[in-house]
Amino acid sequence: MTDFKLIESKWQEYWGEHPEIYNSNGPITNNQDTNNKQLPITNNQTKKKIYVLNEFPYPSGSGLHVGHAFSFVGGDVYARFKRMQGYNVLFPMGWDAFGLPTENYAIKMKRKPQEITRENTDMFRKQMKRLALSYDWDREINTTDPAYYKWTQWIFIQLFKKGLVYKKEMPINWCPSCKIGLANEEVVDGKCERCGSEVSRRNISQWVVKITNYADKLIEGLKETNFIDKVKQSQINWIGKSEGAHIKFSIFNFQFLKDKKNYLEVFTTRPDTLFGVTFMVVAPEHDLVNQIMNNQETNSNNQIEEIKNYVKKARSKSDMERTELNKDKTGVFSGLYAINPVNNKQIPIWISDFVLSSYGTGAIMSVPAHDDRDKDFAKKFGLEIIDVYNEEEKKVINSEFLNGLTKEEAGQKIIKWLEEKYIGERTASYHLRDWIFSRQHYWGEPIPMIHCSKCSMNHNFQFSIFNFQSNSNDKDFNEIQDKLKNYVKKTGIDIRVLENNPGWYPVEEKQLPIVLPEVEAYEPTDDGKSPLSKIEGFIKCKCPVCDKEAIRETDTMPNWAGSDWYYLAYCMATKVNNQLPITKKQTITNNQDTNNIENKLNDVFVDIFSDSKKELEYWGPVDVYIGGDEHNVLHLLYSRFIYQFLWDLGVLPKKNKEPYYKRISHGVILGPDGQRMSKSKGNVIVPEVVADKYGVDVVRMYLMFMGPFDSTMAWNENTLMGVKRFLDKFIKFINNQETNFNKQSKINIASNKEVKLIINKLIKSVSEDLENFKYNTAIAKLMEAINSLSAIQSVGLSEEDIKTLVKLIAPMAPYTAEEMWSQVNEKNGPVSVHLSDWPEVDKKYLVEETVVIAVAVDGKVRGQLIINNVELIISNKDTVINKAKDLEQIKKWIGEGKIVKEIYVPGKMVNIVLR
RNA sequence: GCCGAAGUGGCGGAACUGGCAGACGCGCACGACUCAAAAUCGUGUGGUAGCAAUAUCAUGGGGGUUCGAUUCCCUCCUUCGGCACCA
C-alpha cells in the first residue's frame with residue numbers, strides 16, 4: 001500500500017513553497033509576493049471573485065476537534081472546487097482568541113493568556129495545514145492582536161459618538177462563589193456554568209449598545225441575503241417585532257404622586273379591545289412604583305408596606321424564578337386608578353412581576369376576557385371581566401362605536417381615534433433587547449473609554465452648555481465649559497451623547513489601541529471588577545476635556561466584539577496586520593508606556609477603512625458563510641448590525657448593504673455512541689489520531705461522505721473503512737490505467753463511447769453536487785463511476801480521462817490527487833492538480849445509446865421497453881407507445897381492457913390507463 | 001404555548017421541476033484465496049408468498065389532488081433544535 005504519511009509530508013512541503021496555489025489576490029495584483037517564477041500568475045482583475053468563509057475558531061487548548069475538521073473541510077472542498085473552476089477565491093482563517101477558557105487556564109497555570117494563545121494558535125495552524133485546508137495564511141488575523149483590536153475599539157468609539165452606546169446601571173447575573181458577573185450565555189439553568197452555584201442578581205454599571213435602533217433594518221436587510229429560511233426566520237423571531245399602539249391613560253388620583261405625572265402609557269397589540277380594559281398592571285421596576293413608594297399620602301401605611309414588601313421580593317427574584325412560577329400570579333394594588341379614555345371608566349392600577357419592565361413601556365392595559373395571563377390575574381384577584389369580542393361571529397361587541405367591526409377594522413379605527421386626540425399612536429415593539437457590552441474579565445478588548453469624576457460632578461454644567469446659559473461666576477465652571485465647547489467642536493460628538501453619560505469620554509482615536517497590560521494575576525477582584533482595575537498604570541490617565549486626572553474603563557468587551565468585523569479584516573488583512581510589526585506586538589504588553597507605543601503607531605497609522613475601499617468592494621460580500629446553527633442568531637445578528645452601522649457611517653462600499661450573501665449551516669458530528677462528544681463520556685474522536693491511522697484524505701472524504709453537510713451524524717469507523725477501501729480502489733484503478741498507457745509506449749489511447757459517457761455524466765453530477773454542498777452524493781457518484789469503469793473490460797482510458805478523474809477527486813482528497821497528478825502529468829499541464837482547470841462536460845458524449853423506458857399499466861410498472869434509436873425517444877410519442885403496447889408482458893395486463901389514456905414521459909416512462 | 005426542521009431497509013443515507021423507491025456505503029450471508037484468521041476479491045441482500053418466473057405489501061398514521069405522490073394539499077402522531085408571562 002502507498003505510504004500516505006510520506007505522500008502527505010512531501011506535498012505539504014511542496015505546497016508550503018508554493019503559496020500561489022491558494023493565495024487570493026485582491027484587485028491589485030501583488031506579483032512581488034510570489035517567489036516562484038515557474039508558475040504563471042493569473043490576472044485577478046479579470047477573474048471572478050468568490051469569498052468563502054468558515055467561522056473562525058476559538059483556539060482552545062485541546063486543539064482541533066472533529067466538528068472543526070468537518071466544517072473546515074467542507075469549506076475547503078468548495079474553495080478548491082471554485083479555484084479549479086477559475087475563480088479568484090478568498091478563503092481565509094483567523095483566531096477568535098479572546099475568551100474565558102484561556103483566562104481560566106491562565107489563572108490555573110499562572111501563565112500569560114497571550115502566551116497560551118500563541119501556543120494554541122500555533123497548534124491549530126499546524127493541524128489545519130496537515131488537514132490540507134487551503135487557507136491563504138497571508139491573511140491570518142487574530143482578535144487578540146493589538147493591531148486588530150485597535151479597530152474593534154475604534155468601532156466602539158464610533159458607536160459611542162453616534163449615541164449608540166450608553167452606560168447604564170442594570171441587574172446582571174452574579175455568581176457569588178466566583179465573585180464575577182456572568183453573561184447570559186454563561187448561565188445554565190440558573191446556575192453558574194463554571195462552578196454550578198446558584199446565580200443571583202446584582203446591579204452593575206454596564207455599557208449597553210443600542211442594537212434595538214437597528215431592529216427594523218436588521219429585518220429589512222434579510223431581503224438582500226440568500227440565507228435559508230430557517231436562518232432568516234430565527235433572526236426575525238429573535239428581533240420579535242409586534243405591531244400595535246402606545247396608549248396614554250390618565251391617572252385619576254395622580255395628585256398623590258410626588259412628581260405628579262398624570263398619565264400611564266402602555267403598549268398593546270390589541271388596541272381594538274380597549275373597551276374591555278378592566279385594570280392595568282405595571283412592572284415592579286416601573287417608575288410609577290418608585291413614586292408611590294416615596295409618597296406617604298397615596299395610601300395608608302399598611303398599604304405602602306405591602307407594596308414595598310412585594311416590590312422588594314420581586315426585584316430580588318432572578319429571571320428564572322420569575323418565569324418558573326408563571327402559573328401562579330402574584331401582585332399588589334397600587335392605590336392608584338387610571339381612566340379609560342374611551343369610556344372614562346375608573347380602573348385600578350396593579351403592580352405585578354408578570355409584567356416585564358424591559359418590554360414595551362413596562363405597563364399594560366389588561367383585557368382579561370381576551371388574554372390568558374390577564375384572565376388568570378383577574379380571577380385570582382376578583383377583577384371584572386368584560387367580553388368585547390365574539391369569537392364565533394368574529395365581531396367586536398360591547399364597544400360602542402367599534403361594535404360590529406372585525407378585529408382589524410376596529411384596530412384601525414381606534415388608533416385613528418386615539419391619534420386624533422393625541423392620546424395614542426401606532427407603534428411597534430420588539431423582543432430584541434439592547435446589547436450588554438461590558439464584561440468584568442481580563443481577557444478581552446479593553447473598552448476605550450475614560451471617566452473624569454471632575455467633569456461628572458459638573459454634569460449640570462454640561463447641561464447648561466446645552467441650554468447655552470452662561471450665568472455663573474464660578475471660575476472652574478467657566479473653564480470646563482470652554483473646554484467642553486472646544487471638545488465638542490473638535491470631535492463632533494453630539495453634546496446630548498455626553499449628557500447621557502456624564503463624565504465619560506472616548507479615548508482619542510490616535511491613542512488606539514488601548515493595549516491590555518500584563519497583570520500579576522487574572523482573577524477577578526472581590527467587588528466583581530475586572531483585574532485591570534488593580535493596575536494603577538493602566539487606570540490612570542488624563543481627561544481629554546479638562547486635562548485633569550481621570551480613570552480608564554476597566555471592563556472589557558464580550559466575545560462577540562472581535563467577530564463582528566473579522567470578515568472585513570480579512571479583505572484588508574495586510575493593512576490591519578502591518579500596523580504593528582510583530583516584534584513590537586510581542587513587547588507591547590510588557591509595560592503600559594503608551595506614549596512610546598503611540599509614537600510607533602502613528603508612523604504606521606492609516607485609515608484602513610477608507611484606504612481599503614477597493615479591497616472591500618472587490619471581495620464583499622461574503623459569498624458563502626459556513627458556520628454552526630448556534631451562531632445563526634446572535635453572532636449573525638450582531639455582526640450584521642455592526643456591518644450596517646459601519647455602512648451608515650460611510651466607511652464601507654455602498655454596493656453591499658449586507659455582510660453575508662449566503663449562509664450554510666454545517667451539521668454536528670456525534671460520538672460513535674450517538675451521543676454528543678465529550679471528555680467525560682470518553683467518546684471523543686480526534687481527527688489527528690484518525691489521520692495518523694488512515695491518512696488525511698481518508699478522514700476528509702469520510703467526513704464528507706457521512707451524510708448531508710447540514711445534518712447530525714454519528715461517527716462510524718466501519719463506514720470510514722468503506723471510504724478507505726474506495727480510495728485504495730481509486731488509486732489502483734488509476735495506476736492500472738497508467739501502466740497500460742505506459743506499456744503501449746505512451747500512445748494516447750482513446751476511451752470508448754461507454755467510458756466517455758460515464759466520465760461525462762460524472763463531471764456533470766460531481767460539479768452540480770459540489771456546487772450545492774452535496775458532498776455525500778458527489779462521493780457516491782465517484783464510487784459508482786469507478787465501479788462501472790472497473791466492470792468494463794475495455795482497452796483503457798485516455799490520458800485526458802485519467803486526468804479528469806484525478807481532478808474530480810482533488811477537492812476532496814488533495815494529497816492523493818496531487819500524488820497521482822504528479823505521475824500522470826509528466827508531460828504537460830500545471831505542476832499542481834490544484835492549479836488545473838476543472839473538467840468541462842462534453843455534451844456530445846452525454847447521449848445514451850440505449851434507453852430503458854418503464855412501461856406501466858394503470859400506474860404500475862409491468863415491463864420495460866429498450867430503445868436503441870435515440871431519435872425515436874424524443875420525437876415520436878405514438879411509435880414508442882405502440883411499441884410498449886406490443887410488449888408481451890404489457891399485452892397480458894391490458895387484456896380486454898379499454899384504453900382510456902396513454903401517457904408518455906420522453907425517455908422515462910409510458911403509462912397506459914385502462915377503465 | 002409559539003417558531004423551525006425532520007420521520008424512507010438491520011444501519012448511515014439516495015431519488016432532478018411529481019415519473020421504475022432504496023443510488024452509494026456499512027452490516028449480514030454465501031463463495032474464492034489461506035493450514036487458519038485478518039486483509040482482499042466475487043456473488044446476493046426491503047417484507048411476505050413461491051423452487052422459480054412472478055405476484056403482493058411497503059417512504060410515521062389517516063384522508064385528498066393526480067394517469068402516476070417519498071415529492072403537492074389537509075389532518076393527526078413522534079423526534080430533534082430554538083424561544084418562552086414579550087401584552
Side-chain angles (χ1 to χ4, degrees), chain A residues 1 228-234 236-238 240-242 244 266-271 273 280-281 283 319 322-329 352-356 358-367 370-374 376-377 429-433 629-630 632-633 665 668 674 702 705-708 710-723 725-726 728-729 732 765 768 772 774 776-787 852-864 889 892 899-915:
Chain A
M1 267 301 99
I228 48 171
D229 271 355
K230 178 172 100 172
V231 177
K232 282 191 184 179
Q233 208 50 52
S234 48
I236 290 169
N237 288 348
W238 188 261
K241 183 176 184 173
S242 311
V266 301
F267 171 74
T268 177
T269 53
R270 294 290 305 276
T273 61
M280 322 246 321
V281 187
D319 283 347
R322 276 202 193 183
T323 53
E324 234 172 30
L325 308 164
N326 63 17
K327 281 159 209 148
D328 198 24
K329 298 266 183 296
S352 172
D353 65 3
F354 87 86
V355 173
L356 306 174
S358 50
Y359 184 74
T361 61
I364 60 164
M365 57 177 230
S366 283
V367 187
H370 306 291
D371 182 284
D372 288 342
R373 294 151 307 185
D374 294 351
D376 288 347
F377 196 84
S429 202
Y430 304 87
H431 292 193
L432 184 69
R433 299 288 143 81
D629 276 337
E630 71 275 19
N632 279 346
V633 177
S665 45
V668 176
Y702 167 60
F705 183 64
M706 286 176 87
D710 59 359
S711 73
T712 305
M713 300 154 293
W715 184 269
N716 182 342
E717 194 120 348
N718 282 327
T719 307
L720 180 139
M721 290 309 292
V723 173
R725 271 195 284 275
F726 164 67
D728 289 342
K729 206 183 204 174
K732 216 164 106 191
S765 51
E768 282 168 7
N772 295 307
K774 292 166 84 174
N776 55 334
T777 52
I779 293 169
K781 279 159 193 165
L782 278 162
M783 289 170 165
E784 201 179 359
I786 295 298
N787 287 346
V852 181
I853 290 172
V855 184
V857 180
D858 278 338
K860 290 202 173 173
V861 178
R862 299 298 183 184
Q864 286 183 333
Q889 319 94 289
K892 194 174 83 192
I899 297 170
V900 183
K901 207 172 182 180
E902 292 161 341
I903 289 144
Y904 174 51
V905 184
K908 289 263 168 68
M909 79 176 310
V910 170
N911 191 9
I912 292 156
V913 186
L914 308 175
R915 262 172 296 115

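Chain identifiers are assigned alphabetically (A, B, ...) following the order of the sequence lines, protein sequences preceding nucleic acid strands; residue numbering begins at 1 within each chain. These numbers were taken from a predicted model, which means no experiment stands behind them.
Contact annotation: A/R270 side-chain N/O to B/A87 OP1/OP2 distance is not under 4.0 Å. At B/A87, none of the side-chain N or O atoms of A/K329 fall inside 4.0 Å of OP1 or OP2 (strictly under the cut-off). OP1 or OP2 of B/C3 has not a single side-chain nitrogen or oxygen of A/K232 nearer than 4.0 Å.
Remark: the A/N237 side chain and the B/C3 base include no donor-acceptor N/O pair separated by less than 3.5 Å. At a cut-off of 3.5 angstrom, counting only N and O atoms as typed in the model, there is no donor on one side facing an acceptor on the other between the side-chain of A/K908 and the base of B/C20.
Counting any heavy atom pair closer than 4.0 Å across all strands shown, A/V266 reaches no nucleic acid atom. Residue A/V723 is out of contact with every strand shown, counting any heavy-atom pair closer than 4.0 Å. No contact: A/K781 has no heavy atom under 4.0 Å from any strand. Here A/S358 lies out of heavy-atom contact (under 4.0 Å) with every strand. Using a 4.0 Å heavy-atom cutoff across all strands shown, A/T268 reaches sugar-phosphate atoms only and no base atom. Contacts of A/E902 with the nucleic acid, taken as non-hydrogen atoms under 4.0 Å apart, are absent.
When distances run from any side-chain atom of A/D353 to the nucleotides B/A14, B/C41, B/C85, the shortest one goes to B/C85. Minimum atom distance to the side chain of A/T777 is reached by B/A15, of the listed B/A87, B/A15, B/G13. Checking B/C20, B/G12, B/A23 against every side-chain atom of A/F705, the shortest atom distance belongs to B/G12. For A/V861, whose side chain is taken as the heavy atoms from C-beta onward, the closest listed nucleotide among B/C20, B/C24, B/G25 is B/C20. Nearest to the side-chain atoms of A/M783 among the listed nucleotides B/C20, B/G19, B/G25 stands B/G25. Considering only the side chain of A/N776, B/G13 comes nearest among B/C16, B/G13, B/C85. The side chain of A/S242 lies closest to B/A87 when the candidates are B/C26, B/A15, B/A87. Nearest nucleotide to the side chain of A/S711, out of B/A87, B/G13, B/A23: B/G13. Of all nucleotides listed (B/G19, B/C24, B/G4), B/G19 comes nearest to the side chain of A/I903. Nearest to the side chain of A/R862, among B/C20, B/U56, B/A14, sits B/U56.
Distance CG (A/N632) to P (B/G4): 15 Å, rounded to an integer number of Å. The distance between atom CG of A/L720 and atom P of B/G27, rounded to the nearest whole Å, is 11 Å. B/A6 atom P lies 11 Å from atom CG of A/D229, rounded to whole Å. Between A/K774 atom NZ and B/G12 atom P there is a gap of 19 Å when expressed in whole angstrom units. Distance, A/Y359 OH to B/C83 P: 18 Å, rounded to whole Å.
If you check B/A5 for Watson-Crick or wobble pairing at under 3.5 angstrom, you find it paired to B/U79.
Below 30°, between 30° and 60°, or above 60°: for A/F377 and A/F354 the angle between ring planes is between 30° and 60°, a tilted geometry.
Mapping A/I364 and A/A714 onto RNA chain B via the closest heavy atom, the residue that lands nearer the 5' end is A/A714. Toward the 5' end of RNA chain B, the nearer of the two residues A/N787 and A/D629, judged by each one's closest nucleotide, is A/N787.
In summary, the side chains of A/K729 and A/N787 do present a donor paired with an acceptor at a separation below 3.5 Å, with no hydrogens or angles considered.
Of all non-hydrogen atoms in A/V355 and A/G362, the two that sit nearest each other are CG1-O, 3.5 Å.
With its glycosidic angle within 90° of 0, B/G9 adopts the syn conformation.
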